[in-house]
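From a predicted model like this one, the values you see are computed outputs, not experimental measurements. So you know, we letter chains A, B, ... as the sequences are listed, proteins then strands, and number each from 1.
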Number of protein chains: 2
Amino acid sequence: MKLTTKGRYAVVAMLFLERNSGIKPVTLSEISDSEGISLSYLEQLFIKLRRKGLIKSVRGPGGGYVLAKPAAEISVAAVMLAAGEQFDFCCQGNTHKDGERCFTHKLWDGLRNVILKYLESVRLNQLNDPDLDISWCVCIDSTDKLSGAIKDEH
Amino acid sequence: MKLTTKGRYAVVAMLFLERNSGIKPVTLSEISDSEGISLSYLEQLFIKLRRKGLIKSVRGPGGGYVLAKPAAEISVAAVMLAAGEQFDFCCQGNTHKDGERCFTHKLWDGLRNVILKYLESVRLNQLNDPDLDISWCVCIDSTDKLSGAIKDEH
DNA sequence: TATATACCCGACCATTTTAATAGGGTATTA
DNA sequence: TAATACCCTATTAAAATGGTCGGGTATATA
C-alpha cells in the first residue's frame, strides 16, 4: 500500500503555493526549484488542479498560480483526488466468478471511507502550522457519509 | 494508492481457512483451486503467516494449515502486516535536504494511524458474517495509541 | 523402510505501472 | 513584438509487482 507521487507532489505543491501567497502569483519554476519536482511533471499536475477549481492561473510575464480559495477550505482529499490519486481497493479490475459473494468487499469499502474521511478533515492551512496535531481521526458512523464532492469522484 | 495482492490474498486466504475449519487441516491446493491464487505464491505467503503465529501447519499426508487462534482474535491489520504489506507513506526512501522541515510528515503519519486503527478493529470472524456492518471507524484521539504488536512493525 | 503427500526455500523472469522527459504549441502582457 | 508562462500529446526508462521454476526437506501412513 503506497502513495503515488501524484498525490504527494500535489499536496507539497499546494502547500508551497499557500506559503508563498503574496503579491505575485507563484511560477512553476519556483516550485520546481524549491521542491525538486520536474517542471513538465508539475505542468501536468497543475492543469488537473486548475480544472478542479483548486487553483487559478495568471498568464503572461509575472504570471503563475494562486490558490482559488482560502487554504482552510481546501482539504487534502480534494487535492489528492484532483491530482488523480486513486482510492479503490476492492476487486481492482478483477471480476468475480458468477455471482460469488465478495467477502472482503465491505472491508475495502470501509477502508476507503476511513481514509477519505481523514484526508477530508485535514485542511491545507493546518499543514503549514507546525504546532497543530493532526494525528487523530474524526468519529465516523455509518450514517456519517462523505461529502458530495468527494463521493462523486467514486 | 493501491493495495498489493500480498495483503488482499492474505486476507482472502485466511478467511477461507476460517470458513473451512473442520476436522482436517486445509491444504494450499484447495485454496489455490477455490480462490484462483497461484500455489507457489500461496506457499510464500503462508510461510510468513506461520512465522508470525497466525496459522499452524500440519505436515505429512492429510496435513495443511489451520488458524493458530480464534478468528475473533485475529485482526485484518495483523494479517496484512504479516504478509508484508507496507503502510509507510512519508518520504519513502527519499531524504530531505539538510534539516528542511517535512511539512507533510504528520499528515502521512496520521494517515497511517487511521488506516491501521481501522484494520485493527476488524476481525476475521466479522468478515465472514454478511450482515455485519464494518463501514465505520472507531474513535481515535492522540492518546489512543496503536497496540504494541502493530506498533513494533513500524 | 519406502513412498506419497505436503511444506520449505531461493533465484529468476515477464508484465505492468509509474515517473519523468521531450518537444511543439498557444495565450498574454510588458 | 518578444519574452514569459501556460497548455498538451506522445514516448520512454526505471522500478515494482506478480508470478514461475526447480529443487529441496519433513512427516505420516502402508
Subject >> Test log, rule side-chain contact (heavy atoms from CB on, under 4.5 Å), inputs A:Leu127 and A:Val76 >> reply: CA-CA 9 Å; A:Leu127 293 181; A:Val76 173; 4.0 Å; yes
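Protein atom NZ of B:Lys48 is 12 Å distant from nucleotide atom C1' of D:dG18, rounded to whole Å. Counting to the nearest Å, the P atom of D:dA26 and the CZ atom of B:Arg50 are 13 Å from each other. Summarising the geometry, the separation between CD1 on A:Ile47 and P on D:dA10 is reported as 14 Å, rounded to the nearest angstrom. If you take CG of A:Leu28 and C1' of D:dT4, they are 12 Å apart, rounded to a whole angstrom. Taking atom CD of residue A:Glu30 and atom C1' of nucleotide D:dT4, one finds them 13 Å apart after rounding to whole Å.
A sub-4.0 Å separation between OP1 or OP2 of D:dC8 and a side-chain N or O of A:Arg51 is present.
For the atom pair OH of B:Tyr118 and CG of A:Asn113, the computed distance is 7.5 Å after rounding to the nearest 0.5 Å.
For A:Glu73 (side chain) and A:Pro70 (main-chain N/O), no donor-acceptor pair under 3.5 Å exists by modelled atom type. A:Arg8 places a side-chain N or O within 3.5 Å of a backbone atom of B:Phe89 that can act as its donor or acceptor partner.
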Original post:
How does protein contact run along nucleotides 11-25 of chain C, one letter per nucleotide 5' to 3', with B for base contact, S for sugar-phosphate only, - for none, heavy atoms under 4.0 Å?
Top reply: --------BBBB---
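Positionally, the nearest nucleotide of DNA chain C for B:Gly63 lies more toward the 5' end than for the other of A:Pro61 and B:Gly63.
Annotation: side chain to side chain donor-acceptor pair (under 3.5 Å) contacts involving residues 22-31 of chain A, sequence neighbours excluded, comprise A:Thr27-A:Glu30.
Nucleic acid contact for B:Phe46: none, since no nucleic acid atom lies under 4.0 Å from a heavy atom of the residue.
By the rule that hydrophobic residues join a cluster once side-chain heavy atoms approach within less than 4.5 Å of another member, A:Ile47 and A:Ile31 end up as members of separate clusters.
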